[in-house]
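See structure below.
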Number of protein chains: 2
Amino acid sequence: MISKTTTVNDAKQHLIDHGIRPSVQRLAIMKYLMEHRTHPTVDKIYNDLRPSMPTLSRTTVYNTLEVLVEHDAVLELSIDSHTSHYDGATAPHAHFRCRRCGAIIDVDMKDLALATPESSEFTVEHVEISYTGLCARCINDNNQDNNQDNNL
Amino acid sequence: MISKTTTVNDAKQHLIDHGIRPSVQRLAIMKYLMEHRTHPTVDKIYNDLRPSMPTLSRTTVYNTLEVLVEHDAVLELSIDSHTSHYDGATAPHAHFRCRRCGAIIDVDMKDLALATPESSEFTVEHVEISYTGLCARCINDNNQDNNQDNNL
DNA sequence: AGTTGTTTTTGAAATCATTACAAAATTACA
DNA sequence: TGTAATTTTGTAATGATTTCAAAAACAACT
Ligand SMILES: [Mn+2]
Ligand SMILES: [Mn+2]
Ligand SMILES: [Zn+2]
Ligand SMILES: [Zn+2]
């Protein structure tokens, strides 16, 4: 099982590269974010890690993510006004969020102009491009619902 | 005072145009958002309107903004992960938010390509482009702070 | 005006995400 | 080891938002 070890090492190196001391908890959370490209919330991370780390505290997840974000080791997405989502992929890309099921999908922006504005009013440090609407599954579900309503 | 009446009428028309019944409270909130281009939060709107509408309820502000957003009469910004901000300007534009003072500044996007992505995975209904960093005032304050630290 | 049904507003209580805090555990290093 | 600094933990507090049922406002009809 080289892959598992590799992820741990990658996560560890990633933390060190960003000047973050790799504690057991930080490593677990960083590894989780590198393996799961689902843009999880604090609670999703907490609940998913708990089985293998029973003593993990929700506060630690909050603390750790704050450290990771401060050091640009992960991205904090504000696409969902209800709660923060986190992204282990730090290369520039945009996101789509389904307003029905909440799923967040990566959107490549190869051609999509990434022109950061120049202004004397501010200095830009981060860019977040967010799309919202309905995902294919939810569009489909909607149609089925409508069909059911019409007794088809 | 044509201007005042004009704003009320504009707000009223705007509501009607978007299929929203213009109650006293909805009109006041819509008018507020058309006059104040500061991207206020629920609480800002609530506190600013209270003097002239003492019976206004915070819940009504929440309810009304939900209706306004649903009908695309105003924009809900998720640029601030702590709380929602609202924008009476619905023409496409981007936003900058200062991470220090929280100020939100409109960013024109005349050249900034607004290419909405095409995908079989989703249908895009809304686009939000957000920049964060430091505003000119906060950069300045920081310098002054540093100078004070250095006894200049 | 009076009656009735519908929509909207209101305030209080409940919920949910996040933050504050102080004690306990772990780690760094002399 | 011993001691200081860092990190984690659980609980309590906070703050924004939602829920909910009653009151008020409104619309349609008589
Ligand atoms: Mn992503
Ligand atoms: Mn704006
Ligand atoms: Zn969906
Ligand atoms: Zn600022």
Side-chain angles (χ1 to χ4, degrees), chain A residues 11-12 15-16 18-32 39-71 73-74 76-86 97 99-100 102 104, chain B residues 11-12 15-16 18-32 39-71 73-74 76-86 97 99-100 102 104:
Chain A
K12 190 170 200 168
L15 291 181
I16 292 168
H18 288 82
I20 302 165
R21 231 184 277 242
S23 73
V24 175
Q25 291 83 351
R26 288 170 177 175
L27 199 49
I29 293 168
M30 189 67 246
K31 177 168 169 290
Y32 182 94
H39 314 95
T41 62
V42 162
D43 260 46
K44 177 74 175 139
I45 298 171
Y46 173 64
N47 288 318
D48 284 1
L49 290 181
R50 225 134 68 94
S52 57
M53 299 189 79
T55 67
L56 181 66
S57 158
R58 199 193 305 272
T59 302
T60 298
V61 181
Y62 275 101
N63 290 342
T64 298
L65 288 171
E66 190 182 16
V67 170
L68 295 180
V69 169
E70 264 168 11
H71 289 75
V74 312
E76 179 175 10
L77 306 182
S78 67
I79 190 171
D80 179 353
S81 58
H82 292 3
T83 184
S84 282
H85 290 255
Y86 297 87
R97 177 169 153 276
R99 68 168 153 84
R100 197 164 186 261
I104 297 177
Chain B
K12 191 170 199 169
L15 291 180
I16 293 168
H18 288 82
I20 302 165
R21 231 184 278 244
S23 74
V24 176
Q25 290 82 351
R26 288 170 176 174
L27 199 49
I29 292 167
M30 189 67 245
K31 177 170 168 290
Y32 182 93
H39 315 95
T41 62
V42 163
D43 260 46
K44 176 74 173 140
I45 297 172
Y46 174 64
N47 287 317
D48 283 1
L49 289 181
R50 225 135 68 95
S52 56
M53 299 189 78
T55 67
L56 180 67
S57 158
R58 199 192 306 272
T59 304
T60 298
V61 181
Y62 275 102
N63 290 342
T64 298
L65 288 171
E66 191 182 16
V67 170
L68 296 179
V69 169
E70 265 169 10
H71 289 74
V74 312
E76 180 176 9
L77 306 182
S78 66
I79 190 172
D80 179 354
S81 58
H82 291 3
T83 183
S84 283
H85 291 255
Y86 297 88
R97 177 171 154 275
R99 68 167 153 85
R100 196 163 186 261
I104 296 177

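We name chains A, B, ... by the order of the sequence lines, and we start the count at 1 in each one. Here the structure is a predicted model, which is why all the values come from computation and not from measurement.
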*Pairing residues for A:Arg21 by the side chain to side chain donor-acceptor pair (under 3.5 Å) criterion, not counting sequence neighbours*: none
*nucleotides 14-21 of chain D: protein proximity per nucleotide (B base, S sugar-phosphate only, - neither; heavy atom, under 4.0 Å)*: --SBBB--
*asked:* Output the rounded distance in Å from CZ (A:Arg21) to P (D:dA5).
replied: 12 Å
_For B:Asn63, give me all partners under side chain to side chain contact (heavy atoms under 4.5 Å, CB included), at least two apart in sequence or on another chain._
B:Thr59
*For DNA chain C, whose closest nucleotide is more 5', that of A:Val24 or that of B:Thr60?*
B:Thr60
*Heavy-atom pair with the smallest gap, counting every atom of A:Tyr86 and A:Val69*: CE2-CG2, 3.9 Å
_The single option from B:Thr64, B:Leu27, B:Leu15 passing side chain to side chain contact (heavy atoms under 4.5 Å, CB included) against B:Ile20_ = B:Leu15
*Within a reach of under 6.0 Å around NE2 of B:His82, are more than 12 heavy atoms found that belong to other residues, nucleotides or ligands?*
no
_Angle between terminal axes - the helix from C:dA1-D:dT30 to C:dA30-D:dT1, 5 pairs each end, rounded to 10°_ = 30°
_Suppose we screen for side chain to side chain donor-acceptor pair (under 3.5 Å). Which residues come up paired with B:Ser78, at least two apart in sequence or across chains?_
B:Glu128
*What nucleic acid atoms does B:Thr41 come within less than 4.0 Å of, heavy atoms only: base, sugar-phosphate, or nothing?*
nothing
*chain B on DNA chain C: first and last contacting nucleotide, 5' to 3', under 4.0 Å to a heavy atom?*
C:dT7 to C:dT19
*Do the non-hydrogen side-chain atoms of A:Arg50 and A:Tyr46 ever get within less than 4.5 Å of each other?*
yes
_Are the side chains of B:His85 and B:Pro40 in contact, using a 4.5 Å heavy-atom criterion?_
no
*Side chains of B:Met53 and B:Val24 in contact at under 4.5 Å (non-hydrogen atoms)*: yes
*Heavy-atom closest pair, residues A:Leu65 and A:Val42*: CD1-CG2, 3.6 Å
